[in-house]
Amino acid sequence: MAAVKPFFCIRPNQKVAAQVAALPYDVYNREEACRAVAGNPLSFLNIDRAETQFGDDVDIYDEKVYQKARELLESRIQDGTFVTDMEACYYLYQLTMEGRSQTGIVACSSVDDYENGIIKKHENTREEKEADRIRHVEATGAHTGPIFLAYRGNETLAGIMEKAMETEPLYDFVSEDGIGHRVWRIAGEDTVKAIQEAFEQVPFTYIADGHHRAASAVKVGLKKRKEKEERGETVTGREPFNYFLSVLFPEDQLMIMPYNRVVRDLNGLSMEKFFTAVHENFDVAKVGKTACAPGEKGSLGMYVEGEWYLLKVKPEAASDDPVKGLDVSLLQDLLLGPVLGIGDPRVDKRIDFIGGIRGLGELERRVGEDMAAAFSMYPTSIQELFAVADAGRLMPPKSTWFEPKLRSGIFIHKL
């Protein structure tokens, strides 16, 4: 059962919430981050990516970058940009994109649940990416970007959420990218207790997005726990460092977009030999100039030499395995690997990945510019994600693209 707790939230005051809220730190490179904060000193990206406060001669991992993040957060708390709720609460966070809304519960999830497999993972993490966020959490003494978790539907939680959304929202604004953001605070002893008890009936939660942030938060929590024990102090389990900031969404609220692929060359094959090889495992239908987005699992679009094709995996090449049966795995195992020679897509420089939010036009542009072929994917489902995690397996790289992205800076959990 999942331990999901209310917390004492630090959050922006209502007047500046729209200015503070920022996309996650890892969607930007350094140049893009600097452009994003220009003219907006309140953007939380100034804190999440504090190298934006220095010239290019300062390394992004320099210790003074993390200390600057701490200084900025403390100054924003002191000047009233952020306020602190004096009661442990849950919150609802609703994001609306192109008329479609998803609503999750903002809370703190348990470090022990992560360690014990109650919080399930489907992706490996890289040590260097963890190290950056560990240093950021330690310097600021806070979790500033929530982990995106999913859970199988729960009627009790659904009823509480529906009732809470009948009240006046704490925040209601539209960000520059057109995404609507609404937040409700859930207080009151009875309701808070009901949410906590309802989550105790949820057997597992699943990391949808934010594996590196979660791993970093957990490592900081375990380190702080060990330090307290080494001082001879008792760890009660109620200390804030035993929990990390998260937003938990029921499965039916989520939309996963495809993660498309582009490949630099055809591995020395002529078009004739390339198509002959593709036909071994796929039924191929020429679509023409109209961009092709696959409409069902087991199919994908392919764009090469200015033409689109619809590829369908032949039944004998399909798989019931939770990982091998993923469309991204079928593409890799049946085409990218054996035909185009892409052995390890994590490190091969001949392949690139394009989030579905950028559309099929971006695939055509890349093929016209620096790539030879593009593949449009059918999106991985949340049920497939659950199945992989339940099996204790890992997804291939770039299997899921979640939209819209959770904003940082709206909710802060102090350790």
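Small disclaimer: the values here were computed from a predicted structure and weren't measured.
Judged by distance alone, with hydrogens and angles left aside, the side-chain atoms of N46 form a donor-acceptor pair with the main-chain N or O of N40 at under 3.5 Å. Remark: side-chain polar atoms of T96 are not paired, donor with acceptor, to backbone N or O of G99 under 3.5 angstrom.
In this structure, the separation between OG1 on T400 and CD1 on I256 is 6.0 Å, given to the nearest 0.5 Å. With rounding to the nearest 0.5 Å, the separation of CZ in F411 from OG in S246 is 11.0 Å. Here the straight-line distance linking atom CG of N242 with atom CZ of R238 works out to 10.0 Å at 0.5 Å rounding.
Taking the six-membered ring where the residue is Trp, F148 and F249 present tilted rings, their angle falling between 30° and 60°. The aromatic rings of H181 and Y93 sit parallel to each other, their planes meeting at less than 30°, with 60° as the upper class boundary.
When all heavy atoms are compared, the tightest approach of A208 to L385 is CA-CD1, 4.5 Å. Heavy atoms only, all atoms of each residue included: Y28 and A36 are closest at CE2-CB, 3.9 Å. Across N267 and G341, no two heavy atoms sit closer than the pair ND2-N, 3.7 Å.
Listed by first then second residue, pairs satisfying salt bridge (Lys or Arg N to Asp or Glu O under 4.0 Å) with a partner in residues 57-66 read E63-R135, not counting sequence neighbours. Listed by first then second residue, pairs satisfying salt bridge (Lys or Arg N to Asp or Glu O under 4.0 Å) with a partner in residues 85-97 read R11-D85, D85-R185, not counting sequence neighbours.
Side chains of E364 and W308: a donor on one and an acceptor on the other come within 3.5 Å. Side-chain contact of R76 with Q78: a donor-acceptor pair under 3.5 Å is absent, judged by distance alone. No hydrogens or angles considered: nothing links the side chains of D321 and S319 as a donor-acceptor pair under 3.5 Å. D390 and Y206 form a side-chain donor-acceptor contact under 3.5 Å, judged by distance and modelled atom types alone.
Under a 4.0 Å N-O distance rule, the pair K224/E138 does not qualify as a salt bridge. A salt bridge does not link R225 to E239: none of the charged nitrogens lies less than 4.0 Å from a carboxylate oxygen.
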Take R231 and E233, measure what salt bridge (charged side-chain N to carboxylate O under 4.0 Å, His left out) needs, and give me the verdict at the end.
CA-CA 6 Å; R231 294 194 299 267; E233 300 174 16; 3.1 Å; yes
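Of the options V388, D327, L326, a side chain to side chain contact (heavy atoms under 4.5 Å, CB included) to T380 is made by L326 and by none of the others.
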